[in-house]
Amino acid sequence: MSQRRELPKTYDPRECEDRLYRYWEESGFFNAEVNPDKKPFTIVIPPPNVTGQLHMGHAFDETLQDTLIRFKRMQGYEALWLPGTDHAGIATQIKVEEALRNEEGLTRYDLGREEFVRRVWEWKEKYGSRILSQLRKLGSSCDWRRLRFTMDEGLSNAVKEVFVDLYSKGLIYKGSRIINWCPHCRTALSDAEVEYVEKPGHLWHVRYPIEGSDEYLVIATTRPETMMGDTGIAVNPKDERYRHLIGKRAILPIMNRSIPIFADEYVEMDFGTGCVKVTPCHDPNDFEMGQRHNLEFILVLDEDGKVNENGGPYQGMDRLECRKAIVRDLEAQGYLVKTEDYTHNVGTCYRCHTDVEPVTSAQWFVKMAPLAKEAIRAVEDGEVRFVPERFTKIYTNWMENVHDWCISRQLWWGHQIPAYYCDDCGHMEVSKTPVTCCPKCGGSSIRQDEDVLDTWFSSALWPFSTLGWPEKTPELEYFYPTDVLVTGYDIIFFWVARMIFSAMEHMHEPPFKTVYIHGLVRDAQGRKMSKSLGNGIDPLEIIDKYGADALRFTLITGNSPGNDIRFSVEKVESNRNFCNKIWNASRFVLMNLTVPDFALPETLSLEDKWILHRYNELVREVTDNLDRFELGVAADKLYSFIWDSFCDWYIELCKPRLGEGADPAASEQAQRVLGHVLTGVMQLLHPFMPYITEQVWQGLRGADSSIMVSQWPQYDEKLCFAEECRDMEGVMDVIRAIRTRRAEMNVPPTRRAELIIVTARGDLYRSAEPVLKKLAYGSHVTVLAEAPEDTAGMVSVVAGTARVYMPMSDLVDTEKERQRLQKELDNVSGQIARIDQKLQNEKFVQKAPAQVVEGEKERRRKLQELQARLEESLRQL
RNA sequence: GGAGGCAUAGCUCAGCUGGCUAGAGCGCUCGCCUCACACGCGAGAGGUCACUGGUUCGAGCCCAGUUGUCUCCACCA
């Protein structure tokens, strides 16, 4: 026992976190097995980038998941949190290329594909576990034995399986279409990977002479550099100004090429000049017009964003350089009519933020319309539910308007597309296994498609590929579909939507029942945390300084689903303080501990019943809140229960019964209730703050015990003491009122007051005497049914059903006292008047629930009692 | 152009299916090193719940509109 008294005054997370984590992991507490006797509960982690480092966004995401999984595990589910990492095609490739350039001055082309990919794997082996150990620091209770990687063998099989299947169904096709090209990453991107940014630009008005006439057209363009690819001019068919020109031809300036003028509904008459230059290879709308009107398709940019051989004099120029040159030439040759400032949206690459170039290119696509149908239905029918609900609309809206998904990437790091081309006959074969012999001509000169798949193609399969699909594994059978997916709103389109349609297509069942969407972590000023701003806060530094529990609690509280959170160190500090509060409360309990267990005693005091009642309610509420994904609300309730109810009141209320000289029976009784409530509340808090709760648990139950394998507390009807609870609140009101009076009168804390309590509930206050003495600084308590005859020189205070007299003649200022009482009386009278107004309203009495009406009446009775006492006090002054 | 979020105390935010005198943290004021904790204890000050109208016995919450602000989607060259 002596070592218990030596517990330090402040909680030191550094001392225990790693040790406890190791203990949990080694004990296998994170492991989940196929277990027909239990119900499964599954979460798959949103796989962080394999080369990434833990940032606040991860910390937030993982904390939510860990809280849910620990809760369900304690509730008795076979809870699997399946971890893994994503190969993150572009991001990782860029990183390795950077390192290669910086360290060796080489490009990936210098190494060649095979060697480069080998280097990336090397990099992955070296840095891929960094993020995993960082996840551990947070306390994440993943089943690490089941760690998966999007490019490991099983997942690669799943990718091939899906590709071949979709291809055979005609849902994957290769075609020449307009795609977004990032000249820096040198790859195609999907629509989702383009971020539009408003940028200042110009609207150049350019004169196009009409062939065989003196007339000319003026065209407004923001992108003169693609002019060399113009193959037509479009006007609106209803536009009177240009009707006579339809069917004629114009001369493309500088290139001196003849291009047709045609009519198309797409053209807005009132924008610019009402004429559009059509560049089918470099604009999605022009592409469509090009197809409708059978225009020529001329590509003028190469994969670096430089002008190609079709660009005449500008060949070899970078696109921006070319823009300047063309504007200069147009002006010099008299074609430029005017230049306007114009801000417009420019597409940029979500990885490197380079302006993307719409270009026509042969790529692989997933045909979305048929897949989207089921994906929308599953959500609309409630098979997948979004929390908060509003994201449902964002999802369906996107799904309903989604374009085909460009899945090929001109990268080297990723799943190489399982399509094979025969050099001899040109046949293409899509196959799960490598093709070495052409099935058509028997030729053996076979090349695999050079491109790799979009990273998100493999992540889309994550909920089932990680469980072994396409194999029919017992894990897949048992743990699928998963229960909750936790992720930020920023990747609903990238990932969530694609998982849903993939699962519907391949599993014929949704990938998860609930999608819990959270917001972004912002800095204290509300700005996005970013590398370029340098305002990111490293979660690992926070953990090191304040502990993982304080960080976790900060990320959970004061926040509701779907909303962004502002992170500030001050919040972490206050939660660190909360940890310390918990620590000291348990230190107090341990210091006074003599009983061997916390079985509840037969007899319970008023305050025991009060705290047990409140605790019991807390169990129910926290459980309900967690079931409804209201983690922030649950955490808030735990905070105030522990700090306010348990520490500030109950522990203080217990003190008269504990310590030296106390009655052993009463002490034992108090200890049992203290221990019972403390252990229970540690369990409720454990999903949020795993470390300190385990530490306290082991202090109370022994180091060979773990809170992780304890059972989630249950609501217990036997602990429902509503009436005693109300009585106790009454006593507390009295205590508060006395404290307030003392503070108002500047009574020094050392001065004990005599208390004369006048009340009809004499038994109640006599039984509460020790508590009143302790908390209300009474050195003696007298309970009377009627006011003492001589109250001169006494201050009185009214609270609930009691009036308290304190003989402190030297401190009383009668006039001030009168004012104070009058003010209180006015307040009470006002409240009664408001209630009367309600009760006199027939409609209220008629229509409001009986419970509410009865409540108002009850409140009125109490207020009236208070009023009477106040009036009496005033008379006695 | 379309959709959505947010607007509650000085600051940051909770407030579940409408129901007592709207809460917390931080900050602020006053008093306390009270034998678990000064990372603490006690007592306070501080709010026309953005605005207007409506529904209701009753609105911070529901409906319509207005203003401000942020975000997403679309992409009129």
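Order of the sequence lines sets the chain letters (A, B, ...), proteins ahead of strands, with each chain counted from 1. Remember, predicted model here, so these are calculated numbers, not experimental data.
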Go along nucleotides 9-17 of chain B 5' to 3' and tag each nucleotide: B for a protein heavy atom under 4.0 Å from its base, S when only backbone or sugar atoms are that close, - otherwise.
---SSSSB-
Protein within reach of the bases, or only the backbone? For nucleotides 33-49 of chain B, mark each nucleotide 5' to 3' as B, S or -, using heavy atoms under 4.0 Å.
---BBSBSSSSS-----
If a protein heavy atom is under 4.0 Å from the base, mark B; if only from the sugar-phosphate, S; if neither, -; do that for nucleotides 54-59 of chain B going 5' to 3'.
---B--
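A:Ser586 is not listed as a side-chain neighbour of A:Leu700, based on a closest heavy-atom distance of 4.5 Å or more. Residues A:Trp405 and A:Asp191 are not in side-chain contact: their nearest non-hydrogen atoms beyond the backbone lie 4.5 Å or more apart.
Look at CD1 on A:Ile394: it is 14 Å from C1' on B:A74, rounded to the nearest Å. In this structure, CG of A:Asp270 is placed 12 Å from P of B:G1, rounded to the nearest angstrom.
No donor-acceptor pair under 3.5 Å is formed between the side chain of A:Arg739 and the backbone N or O of A:Ala776. The main-chain N or O of A:Arg576 is never found under 3.5 Å from a side-chain atom of A:Asn580 such that the two would form a donor-acceptor pair.
In terms of position on RNA chain B, the residue among A:Arg390 and A:Asn746 whose nearest nucleotide sits closer to the 5' end is A:Arg390. Residue A:Phe493 is the one, among A:Arg223 and A:Phe493, whose nearest nucleotide of RNA chain B lies closer to the 5' end (criterion: closest heavy atom).
Atom CG of A:Asp836 sits about 12.0 Å away from atom CG of A:Asn841, to the nearest 0.5 Å.
A cation-pi arrangement is absent between A:Lys581 and A:Tyr639, since the terminal nitrogen or guanidinium carbon is not both under 6.0 Å from the aromatic centre and inside a 45° cone about the axis.
A:His282 pairs by the side chain to side chain donor-acceptor pair (under 3.5 Å) definition with nothing, not counting sequence neighbours. Checked against side chain to side chain donor-acceptor pair (under 3.5 Å), A:Glu621 has the following partners two or more places apart in sequence or in another chain: A:Lys637.
Contact annotation: A:Tyr342 reaches the phosphate of B:A77 (side-chain N/O to OP1 or OP2, under 4.0 Å). For A:Lys393 and B:A3, the shortest distance from a side-chain N or O to OP1 or OP2 is not below 4.0 Å.
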With side chain to side chain donor-acceptor pair (under 3.5 Å) as the test, would you mind laying out the steps for A:Tyr266 and A:Asp286 before giving the verdict?
CA-CA 10 Å; A:Tyr266 159 78; A:Asp286 293 4; 5.1 Å; no
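In this structure, A:Ala550 and A:Asn575 approach most closely via the heavy-atom pair O-CB, 3.8 Å.
Taking atom P in both B:C33 and B:G46, one finds a spacing of 28 Å when rounded to whole Å. With both ends at atom P, the span from B:C41 to B:G27 equals 13 Å, rounded to whole Å.
For RNA chain B, runs of at least 3 consecutive pairs of the Watson-Crick or G-U wobble type, with both hydrogen-bonding distances under 3.5 angstrom, map to B:1-7 with B:67-73, B:10-13 with B:23-26, B:28-32 with B:40-44, B:50-54 with B:62-66.
A salt bridge is defined here as a Lys NZ or Arg NE, NH1 or NH2 lying under 4.0 Å from an Asp or Glu carboxylate O, and A:Arg726 with A:Glu729 fails to meet this definition.
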